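Working notes, beginning with the structure itself.
Labels below follow one simple rule: chain letters A, B, ... track the order of the sequence lines, proteins then strands, and each chain is numbered from 1. Since the model is a prediction, treat every value here as computed from it, not as a measurement.
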Number of protein chains: 2
Amino acid sequence: MPSKETSPAFRESPELKLGGDFRMTRQRREVYDVLMAHRDHPTATEVFLRVKDRMPTISLATVYNCLETMAQCGVVRQVNVDREPSRYCGNMMEHGHFYCESCGSVRDVDLRGPRKPDDYLMIPDGSIVEKMEVGARGLCPACAAKRVAK
Amino acid sequence: MPSKETSPAFRESPELKLGGDFRMTRQRREVYDVLMAHRDHPTATEVFLRVKDRMPTISLATVYNCLETMAQCGVVRQVNVDREPSRYCGNMMEHGHFYCESCGSVRDVDLRGPRKPDDYLMIPDGSIVEKMEVGARGLCPACAAKRVAK
DNA sequence: CTAGGTGCAAAAGGTTTGCGGTTAA
DNA sequence: TTAACCGCAAACCTTTTGCACCTAG
């Protein structure tokens with residue numbers, strides 16, 4: 001039985017629409033499918049390499065363009081971890097990220113509790129909050145275990 | 001009466017030590033003083049320009065090196081807002097940041113409540129959290145007011 | 001049909017690095 | 001005295017852009 005992550009229906013999300021003046025192109029579809037196929041958080045270059053397998057003519061610039069457009073449409077999310085290359089994720093549910101300094105993996109982490117910016121931060125009166133990002137870095141369980149073993 | 005932020009004793013922090021094999025040089029002292037003088041969150045280039053007034057021979061690369069070294073020593077903090085140039089801050093108290101998309105200002109925001117990563121995120125068992133960052137972006141009160149007025 | 005998208009190559013722009021000379025401790 | 005640091009310029013690397021051709025709607 002195929003898992004949720006690899007089932008064709010899930011991967012191809014045939015109903016995806018971008019809205020506005022944005023067209024759904026073969027390149028955007030492939031980029032999106034790559035993001036949905038494995039819920040790791042690939043960089044633009046990694047997305048490029050994966051898409052290239054199925055579509056050898058695609059260019060890195062196009063991948064950047066696709067990712068930016070889809071992020072603008074709210075279909076994809078850009079995740080920035082300090083100065084490292086941006087990563088992208090298709091999980092639009094509200095969540096935080098945990099970055100492992102040892103293996104470089106980025107994983108989604110659920111927010112605990114109420115999730116409104118005001119619950120986390122003393123936002124000054126009169127501000128308009130458009131988005132909030134909660135992230136942590138350190139060692140993931142696997143790398144933490146390895147470190148102890150050494 | 002000089003404010004806390006501009007009083008010479010505060011600016012010069014004569015007792016600052018870096019520890020380890022790190023030396024306190026005139027360049028590092030100036031970079032640090034600039035960060036403590038105005039609690040805005042200057043980029044490396046902005047720090048460079050400010051230090052240059054008092055020390056015309058300093059180079060941008062040195063400012064980058066000083067900032068990195070001092071961040072490593074825990075004397076200074078690097079603040080990354082998405083893909084924009086890194087900013088630096090001398091406030092080592094735990095706090096979050098609010099970035100205004102209109103005027104580009106970054107201001108410190110107090111965390112509300114308990115402040116431990118586990119209170120915010122469902123950190124997987126066995127992880128070791130080294131640091132947490134909470135940030136928000138949107139419009140600061142001044143820019144929000146202007147937008148309404150238009 | 002045509003505005004929007006693609007691919008390519010070149011540029012941009014923040015940050016890092018190699019190196020010969022300098023300096024804090 | 002000497003390892004650490006500085007200033008300079010060049011390199012690095014991710015991301016953006018200009019442009020001629022292509023394609024979704």
Side-chain angles (χ1 to χ4, degrees), chain A residues 14-34 41-73 75-88 99 104 106, chain B residues 14-32 34 41-49 51-73 75-88 99 104 106:
Chain A
E15 69 295 335
L16 180 67
K17 292 281 184 340
L18 295 182
D21 282 337
F22 298 110
R23 297 176 183 166
M24 179 49 65
T25 64
R26 205 182 139 216
Q27 288 80 350
R28 287 176 183 171
R29 155 110 281 133
E30 295 285 356
V31 165
Y32 184 72
D33 286 349
V34 158
H41 295 70
T43 62
T45 302
E46 285 162 354
V47 172
F48 170 63
L49 293 173
R50 293 179 199 176
V51 171
K52 223 176 161 186
D53 286 342
R54 318 180 90 205
M55 183 187 260
T57 60
I58 200 169
S59 72
L60 178 56
T62 295
V63 171
Y64 272 105
N65 289 334
C66 291
L67 289 169
E68 204 213 302
T69 303
M70 295 172 112
Q72 220 170 286
C73 297
V75 163
V76 142
R77 183 170 165 191
Q78 190 186 42
V79 179
N80 294 313
V81 177
D82 293 346
R83 283 270 104 203
E84 275 137 51
S86 292
R87 292 159 179 279
Y88 296 86
Y99 172 78
V106 172
Chain B
E15 70 292 335
L16 180 68
K17 292 281 184 340
L18 295 183
D21 282 336
F22 297 110
R23 296 176 182 166
M24 179 49 65
T25 65
R26 207 184 138 216
Q27 288 81 349
R28 287 177 183 170
R29 155 109 281 133
E30 294 285 356
V31 165
Y32 184 72
V34 158
H41 295 71
T43 62
T45 302
E46 285 163 353
V47 171
F48 169 63
L49 293 174
V51 172
K52 222 175 162 189
D53 286 342
R54 317 180 91 204
M55 184 187 259
T57 60
I58 199 171
S59 74
L60 179 55
T62 295
V63 170
Y64 272 106
N65 289 335
C66 291
L67 290 169
E68 203 213 300
T69 302
M70 294 172 113
Q72 220 170 284
C73 297
V75 163
V76 142
R77 183 170 165 193
Q78 190 186 44
V79 179
N80 295 117
V81 177
D82 292 345
R83 285 269 103 204
E84 274 137 51
S86 292
R87 293 159 179 279
Y88 296 86
Y99 172 78
V106 172

message: Rounded to whole Å, please give me the gap between CZ in A:Arg87 and C1' in D:dT14.
response: 13 Å

- prompt: What nucleotide among D:dT14, C:dT15, C:dG7 has an atom nearest to a side-chain atom of A:Thr57?
  reply: C:dG7

- request: Give one of base, sugar-phosphate or nothing for A:Arg28, where a contact means two heavy atoms less than 4.0 Å apart.
  value: sugar-phosphate

task: May I have the distance from B:Tyr64 (atom OH) to C:dG18 (atom P), rounded to whole angstrom?
output: 18 Å

- prompt: Do the side-chain N or O atoms of A:Gln27 get closer than 4.0 angstrom to the phosphate oxygens (OP1, OP2) of C:dG7?
  reply: yes

- prompt: Quick one: which of D:dC5, C:dG14, C:dG7 gets closest to the side chain of B:Phe22?
  reply: D:dC5

- prompt: Which of these nucleotides, C:dG14, D:dC6, C:dG4, is closest to any side-chain atom of B:Thr62?
  reply: D:dC6

- request: Using whole Å, report how far CD1 of A:Ile58 lies from C1' of D:dC22.
  value: 15 Å

message: A side-chain contact here means heavy atoms from C-beta on lying under 4.5 Å apart; do A:Tyr88 and A:Met70 qualify?
response: no

message: For the backbone of A:Arg23 and the side chain of A:Arg28, can you confirm whether one donor and one acceptor N or O come within less than 3.5 Å of each other?
response: yes

message: Let me spell it out: for each of B:Arg26 and B:Asn80, pick the nucleotide of DNA chain C with the closest heavy atom. Which residue's pick is nearer the 5' end?
response: B:Asn80

field: Distance in angstrom units between A:Met24 CE and C:dG5 C1', rounded
entry: 12 Å

- prompt: Atom CD of A:Glu84 and atom C1' of C:dG14: how far apart are they, to the nearest Å?
  reply: 15 Å

- prompt: To the nearest Å, how far apart are B:Arg23 CZ and D:dT2 P?
  reply: 12 Å

query: What does A:Thr45 touch in the nucleic acid at a heavy-atom separation under 4.0 angstrom: a base, only the sugar-phosphate, or nothing?
result: nothing

Spacing between B:Phe48 atom CZ and C:dG14 atom P, to the nearest angstrom: 13 Å

task: Using whole Å, report how far CG of B:Leu60 lies from P of C:dG13.
output: 15 Å

- prompt: How about B:Lys17 and B:Met24: do any of their side-chain heavy atoms sit closer than 4.5 Å?
  reply: no

Contact check, side chains of A:Val106 and A:Val81, non-hydrogen atoms, under 4.5 Å: yes

message: Can a donor-acceptor pair be found, under 3.5 Å and without considering hydrogens, that links the side chain of B:Arg83 to the backbone of A:Arg83?
response: yes

message: Any base atoms under 4.0 Å from B:Thr69, or only sugar-phosphate, or nothing? Heavy atoms, all strands.
response: nothing

- prompt: Can you tell which of D:dC8, C:dG7, C:dG14 lies closest to the side chain of B:Pro85?
  reply: C:dG14

message: Below the 4.0 Å mark, does C:dT15 have OP1 or OP2 next to a side-chain nitrogen or oxygen of A:Arg83?
response: yes

- request: Would you classify A:Thr25 as touching base, sugar-phosphate or nothing, given that sugar-phosphate means primed atoms plus P, OP1 and OP2, and contacts are heavy atoms under 4.0 Å?
  value: sugar-phosphate

